[in-house]
Each structure stands twice: as structure tokens, then as C-alpha cells.
Amino acid sequence: MKFFVDTADLAEIRDLADTGLLDGVTTNPSLVAKAGRNFVELIAEICDVVEGPVSAEVAATDFDTMLKEGRYLAQIAPNVAVKVPLTPAGLKVCRTLANEGTMVNVTLCFSAAQAILAAKAGAAFISPFVGRLDDIGQNGLNLIQEIVEIYSNYSAFTTEVLVASVRNPIHVVESARMGAHVATMPPSVIRQLGNHVLTDKGLATFVSDWAKTGQSILDQPLPKRG
Ligand code: G3P
């Protein structure tokens, strides 16, 4: 499973890229508004830090302007994935940009039927929002299961399932069990993935027991072998 970070905070992106665990970045207009930066400049900087796909969302909702914005954003760097909403106009833009060789991430997906349309429109990624479905009392993970199952029935569907609106490690683990290709997560969830109270407790014990040995690994000469 690939890990994308869902943020427009460049400092966070740099920090996570340093771990070697980051495969891409997703942004959206709300995250960009929070960052308070010039959008195009910000996307260019993110693309310099991360080699994998960097999703940049169009702002317009009509076909002509979305297409112009998408073509413009695609020129920032080869790893830009243009993000379009799952609307009839968005799907048409998706098909046009995909035919031109641009990666497209179709966002705001809340049903399997919508995901089928995105695959048929040549999307590189479909973004089903699990957390927002959970928020209205529906099971977001059931949608991931449905899309993964449907896509796996058709070899012509090359669209990757990018699990979005992720709120906790359970969303990530369950999506991975289902075979989703990518999870995009806020930085806090990526960090949460590695936490376990028994890891902390076990490490504290090993550190204190090691101190009792009075040894230092790096002060010990390597034995000659063979
Ligand atoms: O970027 C799309 C998605 O991940 C947004 O998540 O938390 O605003 O529902 P959220």
C-alpha cells in the first residue's frame, strides 16, 4: 500500500519525506486555504520535495475553466496529479486530461457507481472519502471493499483506489486488508500508525537493562572473522 500525506503544510511534508515512507501528497482547496500560500508556488515546492504524485485540485466547476486550470496545473511538474470533482463536467475533464497523458485524481467519491464512472473516464486515482461517510452514519470502509472488488473484476480498469478522508489507523489497516492501492492521511494519522504502548514500555525496559551492562557497542572492536 502506498502512503500519501493529505496536507498542504510544506514543513510537515518535508519532515515525513525524510522518513522515506512517503509515496505522494494530496491537497485540496480547504488545506490550501489553511496553508495561506500561493497555490501554484506551493505545489511546485511540494513537487520538488516528493517524487511521487502530488494532487492539485482545480478551483472551477465548469468544464472549460476546469480544463484550462487542469492543463495549467499539469505544467508545474510531471508528478502533478490534477484533482477534479466527481461531477459530469469533472469526469469529462478527466477523460480529456487522461488522453493527454496527465494523471487525474477524481475526488469527492461517495458511491461505487461514481467509482465505476471515474475508472471509465481514465482516472489514475479515485478518492472515496471514508471518514465523511462514517460521519453521516454510513460505513466508509464498506465503500472501499465494493470499489476494490469491482475494479478487480476488470483488467481494463487501471484506476488506483486512493482511500481519502482517513481519520484513524483502523481505516488504513482495513483498507490495506481489502487491497486498496493508496491511503492518504493527515500527518497525525501517519505518525499514529507506529505507536503502541507495549513498544514504548518494552523499549524503556531494554534501555534500562542495557545501561546495567555498562557497555557501549561502538567502543567494542569488531572481532576478526574467517
Ligand atoms: O483531501 C480529501 C480528503 O482526504 C479530505 O478529508 O478529513 O476533510 O474529510 P477530510
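When a residue number appears, it is its place in the shown sequence, counting from 1. First listed ligand is number 1; within each ligand, the first listed atom is number 1.
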Which residue supplies the protein heavy atom nearest to atom 6 (O) of ligand 1, what is that atom called, and how far is it? S165 CA, 3.3 Å
Considering only non-hydrogen protein atoms, determine which one is nearest to atom 8 (O) of ligand 1 and report residue, atom name and distance to 0.1 Å. R132 NH2, 2.8 Å
Verify the distance criterion only: is there a donor paired with an acceptor across the side chains of T26 and T184 at less than 3.5 Å? yes
Which residue and atom name correspond to the protein heavy atom nearest atom 2 (C) of ligand 1, and how close is it? F129 CZ, 3.4 Å
Distance-only side-chain donor-acceptor flag, S175 / R177, under 3.5 Å: no
Using a distance-only test with no angle check, is there a side-chain donor-acceptor pair under 3.5 angstrom linking N99 and T96? no
R167 heavy atoms within 4.0 Å reach ligand 1 at atoms 7 (O), 9 (O), 10 (P)
For atom 4 (O) of ligand 1, what's the nearest protein heavy atom and its distance? D6 OD2, 2.6 Å
Pair E100 + R95, salt bridge at N-O below 4.0 Å: no
Which ligand 1 atoms, with their elements, are less than 4.0 angstrom from a heavy-atom of K83? 1 (O), 2 (C)
Tell me, please: is N28 in heavy-atom contact with ligand 1, that is, under 4.0 Å? yes
Salt bridge present between R191 and D15 (N-O < 4.0 angstrom): yes
Taking R132 first and then D135, would you say they form a salt bridge - that is, a charged N and a carboxylate O separated by under 4.0 Å? no
